[in-house]
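Reading through the structure tokens given below for one structure.
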Protein chains: 2
Amino acid sequence: MSGKLDRRKKYTRRVLKESLITLLSQKPISNITVKEVCEVADINRSTFYTHYSDHYDLLSKMEKEITEDMNQYLYSYSYEREEESIQMTEKILEYITENKLMFQVLLNKKAVPTFEKRMMDLTRGFMMTNLMDGHVVNKQESEYLSSFVISGAIHVIKDWIEKDMDRSPKEMAVMINSFINYGFSYLE
Amino acid sequence: MSGKLDRRKKYTRRVLKESLITLLSQKPISNITVKEVCEVADINRSTFYTHYSDHYDLLSKMEKEITEDMNQYLYSYSYEREEESIQMTEKILEYITENKLMFQVLLNKKAVPTFEKRMMDLTRGFMMTNLMDGHVVNKQESEYLSSFVISGAIHVIKDWIEKDMDRSPKEMAVMINSFINYGFSYLE
DNA sequence: GACACCGTGTTGGATATTCAACAAACAGTT
DNA sequence: AACTGTTTGTTGAATATCCAACACGGTGTC
């Protein structure tokens with residue numbers, strides 16, 4: 001995938017993303033200009049246009065990349081054993097830690113209304129194909145249950161971010177996993 | 001001075017400096033390679049050589065720049081009024097705050113033996129031309145006194161850095177200035 | 001309406017960086 | 001001594017970015 005990028009491209013894209021996130025933490029995207037993004041990033045404006053058509057494009061490409069990364073984590077572990085499923089959750093929480101401000105901003109509904117939904121859909125897809133294939137009783141009911149469980153998990157994560165990540169990813173992973181398992185035990 | 005630098009030059013020089021400082025905090029310069037500096041900085045090695053001849057050159061240019069900055073601060077204030085001399089000290093301490101790791105590393109004698117001496121000489125020169133012109137009694141004696149005072153001040157700053165800058169630059173500025181004034185009151 | 005101001009895309013030429021490759025010097029191993 | 005692996009400077013051609021300039025559309029002000 002995505003043939004190796006020149007160091008320069010990697011750098012400019014990285015700082016442009018960081019810049020947009022910083023600005024998004026201060027004001028809505030409609031009040032942000034391309035010029036501003038470039039100034040904060042210290043990147044020439046003409047360079048911006050060789051990568052993105054405008055700042056909305058930049059944002060949507062960021063969202064896409066994140067969902068790709070998340071998918072990566074979700075499907076690189078087997079959800080069979082308790083062991084591995086906790087490791088997976090931990091990996092994801094570490095990823096969030098490394099991109100704290102980004103998730104803080106993107107998970108804020110007012111800022112980027114689409115992002116939380118995206119995360120929900122993503123996770124639900126995974127849940128449906130993995131967790132349920134064993135003990136599916138009622139298809140409809142289990143879809144609602146997964147909504148319930150996932151939105152709960154996401155909000156626990158949001159709280160955790162707001163509390164400045166007071167617990168380690170490992171601790172949180174164990175906790176969240178047991179919440180999720182308990183939630184699905186409803187079906188039995 | 002120094003015609004405006006292209007963004008790209010500014011960036012590469014900045015990250016190369018940061019990289020060297022990081023490595024110097026881990027090992028002596030003799031164990032550091034140019035290759036390593038470039039890897040940490042994520043800069044192509046051939047680019048390194050267009051700016052510096054080797055990592056020793058990079059280090060000495062860093063030292064030179066710092067002393068230039070310090071001189072800037074020293075001579076942009078009038079040392080007449082107590083008021084301004086405290087402001088000056090504060091500016092310098094803020095500069096140190098912004099470059100914490102750098103000073104931490106460079107003021108460590110084992111790492112860069114020349115740097116502390118440089119700072120001493122620099123400050124002594126300033127002291128001799130400004131502080132003393134009023135009440136000079138004994139030229140020789142006052143030179144020794146300034147050594148005494150300056151080295152004291154520098155070590156207070158080193159302590160402050162090691163204590164993770166527990167007090168504000170403002171507080172420290174007031175304290176250090178009163179130490180210095182008391183020291184020079186010896187001459188009266 | 002005329003005006004000044006500001007962000008937008010886009011362009012062309014100048015410049016800096018990248019990348020891959022090379023020969024040479026060096027250190028450690030067998 | 002031959003062998004292996006690593007760092008060093010240096011090169012040339014490809015590429016990305018910079019910068020300054022432009023015409024354009026929008027917005028607010030007199």
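Order of the sequence lines fixes the chain letters, A, B, ..., with proteins taken first and strands second; residue numbering starts at 1 for each chain. These numbers come from the heavy atoms of this one structure, side chains and all, not from hydrogens, waters or symmetry mates.
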Checklist line | Heavy-atom side-chain contact between B:Asn181 and B:Glu82 under 4.5 Å | finding: yes
Check: Does NZ in B:Lys91 sit with more than 12 non-hydrogen atoms of other residues, nucleotides or ligands closer than 6.0 Å?
Finding: no
Notebook entry, point to check: With side chains defined as the heavy atoms from C-beta onward, is the minimum distance between B:Met165 and B:Leu93 less than 4.5 Å?
Noted result: no
Item checked: Main-chain N/O of B:Thr33 paired to B:Glu36 side chain as donor or acceptor, under 3.5 Å -> yes
Check: In whole angstroms, how far is the P atom of C:dT8 from the OH atom of A:Tyr52?
Finding: 17 Å
Margin query: Rounded to whole Å, how long is the line connecting atom CG of A:Asp57 with atom P of C:dT8?
Written below: 14 Å
Next item on the list: State whether the side chain of A:Thr123 and the backbone N or O of A:Ile150 hold a donor-acceptor pair below 3.5 Å, judged by distance alone.
Entry: no
Notebook entry, point to check: Is any side-chain heavy atom of B:Thr12 less than 4.5 Å from a side-chain heavy atom of B:Phe48?
Noted result: no
Notebook entry, point to check: From B:Gln72 CD over to B:Asp69 CG, what is the distance, rounded to the nearest 0.5 angstrom?
Noted result: 7.5 Å
Notebook entry, point to check: Between A:Tyr49 and C:dT10, is there a side-chain N or O to OP1/OP2 distance below 4.0 Å?
Noted result: no
Check: Which parts of nucleotides 13-19 of chain D does protein reach within less than 4.0 Å, heavy atoms only, written one letter per nucleotide 5' to 3' as B for base, S for sugar-phosphate only and - for none?
Finding: --BBBBB
Check: Is any NZ, NE, NH1 or NH2 atom of the basic residue among A:Arg14 and A:Glu18 found under 4.0 Å from an Asp or Glu carboxylate oxygen of the other?
Finding: yes
Note to self: I need the residues from residues 15-36 of chain A with at least one non-hydrogen atom less than 4.0 Å from DNA chain D; give them sorted by number, or say none.
What the structure shows: none
